[in-house]
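Some notes on the structure that comes next.
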Amino acid sequence: MVVLWVLFAVFVIIIFNRAWVSDDAFITLRTVDNFVNGYGLRWNIDERVQPYTHPLWMFLISAVYYFTREAFFTLLLLSLAISSAAVAFWMLKVSRTKEATALGLLAFMLSIAFRDYTTSGLENPLTNLILVIFAFYFLKDNASTPRRLVILSLLTSLAMVTRLDIVLLYLPALVYVWFRSTDRKRALLFIAAGQIPFIIWEAFSLFYYGFPFPNTYYAKLHTGIPQSEMYFQGLVYLMSLLRSDMITILIIVLAVLAPWAAKTNRAPLVCLSSGLILYLLYVLYIGGDFMIGRFYATAFFLSVLILSQFKLPRVNNITLISAVIALLTLMQLNVNEAQSGIGSIVNERAFYSPDSALISIRRGQMRYGAWAAGAEQYYHNGETYTLTSNIGQLGYYAPRDLHIIDVVALSDPLLSHLPARYNPQWMHGHFERIVPDGYTGHSDDVLEDSNLDAFNKHMQLITRGDLWSLERLQTIISMNLGRYDYLIDGDRYRYAGRITNDLIQQAITREGGQYVAAGLILEIPPHQRELYRAFFGKRLELNFEGDPIAYRVMFRLGDQVISSRDIAAGTPGIVYRVPAPESEFDNIWIMSLDSPSFHLEHLGVAAHFASDTQYPVAATVEGGIALNRWHLYRSDQSDNAIVYQPGDTITFMDLWSIKEAVDFTGYRQFVITNGSTNLVQTFSELSFPLWETGRPYLYGAAATIPEDAVPGMYDVLVNLSHSDGSSVSFVNEQGEPAGEYFYLTTIEVRPEATG
């Protein structure tokens, strides 16, 4: 036992040496500080919101903070004490042999995930302590006595109040004990009695906050991101750990597999292994986390508990001492581990340790003053609210009467119910929202979006209204049943909002404007899709403004992406032409990849003809408006067909350009006539001033040859007229007058041959 206590002492020294506080811990600390100082369990003191996921851990911190009124050492020493207690309890009460204990301690010291989250200020230490006590009562006998049922259920309940999703580790074991009861109905009563702490908390949460789950649940799991992307991100989270912390994954895999091959005491170990499997699948389902190893740390702790139940070959003291020396050597190799995992997954401890590690204090490098200085400005500038995506240290050090709007919605009740803004390069846990116009987080806000304003009024009644108001209680029920969800325009706050736009008949131009959103969705109206599909060889023209940022252009059919192209940096003044696919599509997405603001100066569709000389026309009207090219299509997509049958759809495309700025607003007329009968005659309003000098303008129209059309030859003409109805005269390429109707070609209408 002396060697084991030496190993335990080495473990304590290691976690003491690596002790640190994460930025996320300060989110809870702001609530703790408000609670201890009499403002209630609130983050912003003017509204009731639960931004923490660990109520029991929060209350435990509050109990100590009440006496210390200090953040850093309170979190560190509390975490160190509870983590040490959890491992010591495992050594004395759960591990079956000295050899298993020795190897378990070595594993604890070698696992980066476990030793990093024995501190950090998050709930892992308390989660581990409850879990090891549960394992002790679950593994020590198989009896399903009332006392054992209540204890196991009570521990499960406390674990759920510490962190709700951790219940998956407990569930199979609790079901197993219940199933083995001789009187299962009576056993349910004992299990229900053990759930009293969880029931009390849920009742309080629903009454006080208005919701059964933490605000982070809505912010992180109701984002609008497809589940397939979450699964993929969950795999990336696993691969990040594989790359940096192989020992953690190896131990977890062994713990999943070993119980199924056990010869004795198999059923209880299989139950714990099943809980481990459920939890690992859950981590995959939610896409993991942005912190390497955080969600695997508790799974690793349970894995060591499981493996410590197996008998191992005896190991002498010399072997153990040699193993410790080898371990310390390996530990030294991990001192400069990489800060980042794969993609947006980061090593939080490596990132924050220069500012928040206990070792930084010993080296005189602690920089909490810099964090406090970041909030210092709010004590002097008189602001009543601010927007930020980093609410940890800033929130704790900022004035208590400063309303902080968290754009990633962890602490904001309204934003957490909006979908995350579209961002293909999203980072887990940092799902930014588009802040609605008029939203400052105050009770007198009037939002520009009237429907969302009504939703916000309901939310404010829940989070700011009289706790005992009957209207508030009724609103809580309606809100949780989703009766107000119809007031949220998901597209408007995930994207820039859907804009139904006929890309052929008009262009979108935002001179000096911008879409303050993730991007723009252009839907091709159903009545224009036949026309648009006929126009192969098209391309999209984009001209950006503002700072150069990256964009993605996607042509889609429904929810399916047909083709996609990234523009690395949309430089202002440069026209980007993005080829469109020749297969069918009905909507186009233009999305900002790295900014919440979408800057677009010009958007249009340019004709892409087979060659620059095909079907040229040099007709000019009003001095600066020129007709350059034209195309005809038949319903079978024949290009410039000459012969048409009654019932055929004829599609006409013409390309105009602006040589000089012209103030012309009028109509475009497309006519197929034989002089006495007009087979087709279409009108469309035009607005040429939307276009800058030198830009093309594409017009399209479609019509059907009447079934009763008289066979014969017909001329195809084009005409422009002013808003008052007066026609405009054309001038041909020689500069000679060409009349009010410009002749393009002649077609023949011929009935379908029979016999």
Practice task
Check the pair Asp449 / Asp437 against side-chain contact (heavy atoms from CB on, under 4.5 Å), numbers first and verdict last.
Solution key: CA-CA 7 Å; Asp449 180 349; Asp437 292 334; over 6 Å; no
Answer whether the closest heavy-atom distance between the side chains of [X] and [Y] falls below 4.5 Å.
X      : Y      : value
Arg42  : Tyr208 : yes
Leu415 : Pro436 : yes
Leu402 : Thr386 : yes
Ser244 : Ile292 : yes
Asp116 : Ser111 : no
Tyr237 : Arg294 : yes
Leu358 : Arg18  : no
Thr440 : His403 : no

Pairing donors with acceptors under 3.5 angstrom, does anything connect the side chains of [X] and [Y]?
X      : Y      : result
Tyr65  : Asp33  : yes
Thr463 : Arg48  : no
Arg400 : Asn37  : no
Gln50  : Trp43  : no
Ser22  : Glu348 : no
Tyr282 : Asp165 : yes
Thr127 : Thr162 : no

Any Lys/Arg nitrogen of [X] or [Y] sitting under 4.0 Å from an Asp/Glu carboxylate oxygen of the other?
X      : Y      : answer
Asp466 : Arg472 : no
Arg433 : Asp412 : no
Arg483 : Asp485 : no

Please name the pair of heavy atoms, one in [X] and one in [Y], separated by the smallest distance, quoted to 0.1 Å.
X      : Y      : result
Gly288 : Phe295 : O-CE1, 3.7 Å
Leu410 : Ile27  : CD1-CD1, 4.1 Å
Gly490 : Pro419 : O-CG, 3.5 Å
Ala299 : Leu280 : CB-CD2, 4.4 Å
Ala25  : Leu75  : CB-CD1, 3.9 Å
Leu414 : Asn456 : CD2-OD1, 3.7 Å

Donor-acceptor pair, [X] side chain versus [Y] backbone, under 3.5 Å?
X      : Y      : result
Asn347 : Ala350 : yes
Ser83  : Leu80  : no
Ser157 : Ser153 : no
Asn44  : Asp46  : no
Tyr209 : Leu41  : yes
Thr223 : Ala219 : no
Arg421 : Ile434 : no
Asn34  : Tyr39  : no
Ser120 : Tyr117 : no
Asn480 : Gly210 : yes

Practice task
Please step through side-chain contact (heavy atoms from CB on, under 4.5 Å) for the pair Leu122 and Met291, ending with a clear verdict.
Solution key: CA-CA 12 Å; Leu122 301 174; Met291 304 183 196; 4.2 Å; yes
Considering residues, nucleotides and ligands other than [X], do more than 12 of their heavy atoms fall under 6.0 Å from its [atom1]?
X      : atom1 : result
Phe59  : CZ    : yes
Met230 : CE    : yes
Tyr66  : OH    : no
Glu70  : CD    : yes

Handout entry: Criterion side-chain contact (heavy atoms from CB on, under 4.5 Å) on Ile345 and Gln233, from CA distance to verdict
Key = CA-CA 9 Å; Ile345 300 171; Gln233 185 65 16; 3.8 Å; yes
Once rounded to the nearest 0.5 Å, what's the spacing between atom [atom1] of [X] and atom [atom2] of [Y]?
X      : Y      : atom1 : atom2 : result
Arg349 : Thr119 : CZ    : OG1   : 7.5 Å
Leu77  : Ile82  : CG    : CD1   : 11.0 Å
Lys220 : Ser416 : NZ    : OG    : 12.5 Å
Asp24  : Asp289 : CG    : CG    : 8.0 Å
Arg494 : Ile488 : CZ    : CD1   : 14.0 Å

Practice task
Apply the ring pair (Phe, Tyr, Trp, His ring centres under 6.0 Å) test between His417 and each candidate in Tyr493, Tyr484, Phe211; give the one that qualifies.
Solution key: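 For His417, the ring pair (Phe, Tyr, Trp, His ring centres under 6.0 Å) check succeeds only for Phe211.
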Handout entry: Matching residue for Tyr170 among Tyr279, Phe198, Phe134 - test: ring pair (Phe, Tyr, Trp, His ring centres under 6.0 Å)
Key =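 With Tyr170 as partner, Tyr279, Phe198, Phe134 yield a single ring pair (Phe, Tyr, Trp, His ring centres under 6.0 Å), made by Phe134.
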Practice task
Check the angle between the aromatic planes of His54 and Tyr52 and answer parallel, tilted or perpendicular using the 30° and 60° thresholds.
Solution key: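 The rings of His54 and Tyr52 lie parallel, inter-plane angle below 30°.
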Exercise for the section: Walk me through it: do Thr53 and Thr216 pass the test side-chain hydrogen bond (donor to acceptor under 3.5 Å, both in side chains)? Expected result: CA-CA 7 Å; Thr53 59; Thr216 54; 5.4 Å; no
Problem - Identified side-chain contact (heavy atoms from CB on, under 4.5 Å) counterpart of Phe114 within the set Asn124, Thr248, Thr298, Asn128 - result: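 The option that passes is Asn128.
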Handout entry: Cation-pi check, Arg69 onto Phe67 ring (under 6.0 Å, within 45° of axis)
Key = no
Does the gap between the ring centers of [X] and [Y] come in under 6.0 Å?
X      : Y      : answer
Phe300 : Tyr296 : no
Phe207 : Trp468 : yes
Phe431 : His428 : yes

Exercise for the section: Apply side-chain contact (heavy atoms from CB on, under 4.5 Å) to the pair Arg30 and Ile404, showing each step before the final yes or no. Expected result: CA-CA 11 Å; Arg30 180 176 166 102; Ile404 300 176; 3.8 Å; yes
